[in-house]
Amino acid sequence: MKLDLHVHTTAYSACSVMSPDEMMLAAKENGLDGICITEHNRIWSADEAEALSEKHGLPVFRGMEITTTGGDILVFGLEEEPGELWTPALLKAKVDAVGGVAIAAHPFRGFLVFGFGDLQMDVKDALENPTFSQVHGLEVCNSLVTDAENTLARDVADAAGLLKFAGSDAHKAASVGTCVMDFHDLIENEEDLVQAVLASRFTIHRMK
Ligand SMILES: [Zn+2]
Ligand SMILES: [Zn+2]
């Protein structure tokens, strides 16, 4: 079951140029079996997601991308929106309290461009990031970062024993489905999604 678990729409993400309807059409065009909307610091209501799902005949799940003092963290299973800037540790405590999952989004975005590659950050240096001890996994396939940054994230996830997560981070229709997770089991709700992610019952694919 192929899902794109990291997308932003104009509904609640000012940085996106993709309406929810455009997102759904793109998801279907790209052969996705469902999508999970992860607006910045906002979660869709279950009713909103269900209405969109019914309109287009495709499952819609809900998560969030939360801005923390230690970078952007994707969460699933958490309904509480941040009223202020949280630390990764506080976010992790909230996620654990509800049995959710937390993933560091694009953990090395911008690290290896504009000459920063000359700093030659290696996996050992990268592992020092304190945020990585407050998440279950790292996003290692994100369409908005360079291949080198995705590769570093993958190597660090392996070295740290963290889950390897994929999401397009689409802010426009053309990006939907570029990084997908193919789940081994049927995902019918966010609880299924959280369990399947925590159990690593998926493979990740870069589609284009
Ligand atoms: Zn954004
Ligand atoms: Zn994002």
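Start at 1 and go down the list; that is how both ligands and their atoms are numbered. In what follows, every heavy atom counts, from backbone to side chain, and hydrogens, waters and symmetry copies are set aside. Throughout, residue positions are numbered sequentially from 1 according to the sequence presented.
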Relative to each other, are the rings of H8 and H40 parallel, tilted or perpendicular (30° and 60° limits)? parallel
How many N, O or S atoms of the protein are nearer than 2.8 Å to the Zn ion (ligand 1)? 3
Out of curiosity, does M24 fall in the hydrophobic cluster containing V180 (side-chain heavy atoms, cut-off under 4.5 Å, transitive links)? yes
Should the pair R62-E79 be classified as a salt bridge under the 4.0 Å nitrogen-to-oxygen rule? yes
Considering only heavy atoms from C-beta outward, does the side chain of F76 approach that of E190 to under 4.5 Å? no
Side chains of E65 and H6: donor-acceptor distance under 3.5 Å anywhere? yes
So, R154 and D158, do they make that salt bridge, N to O below 4.0 Å? no
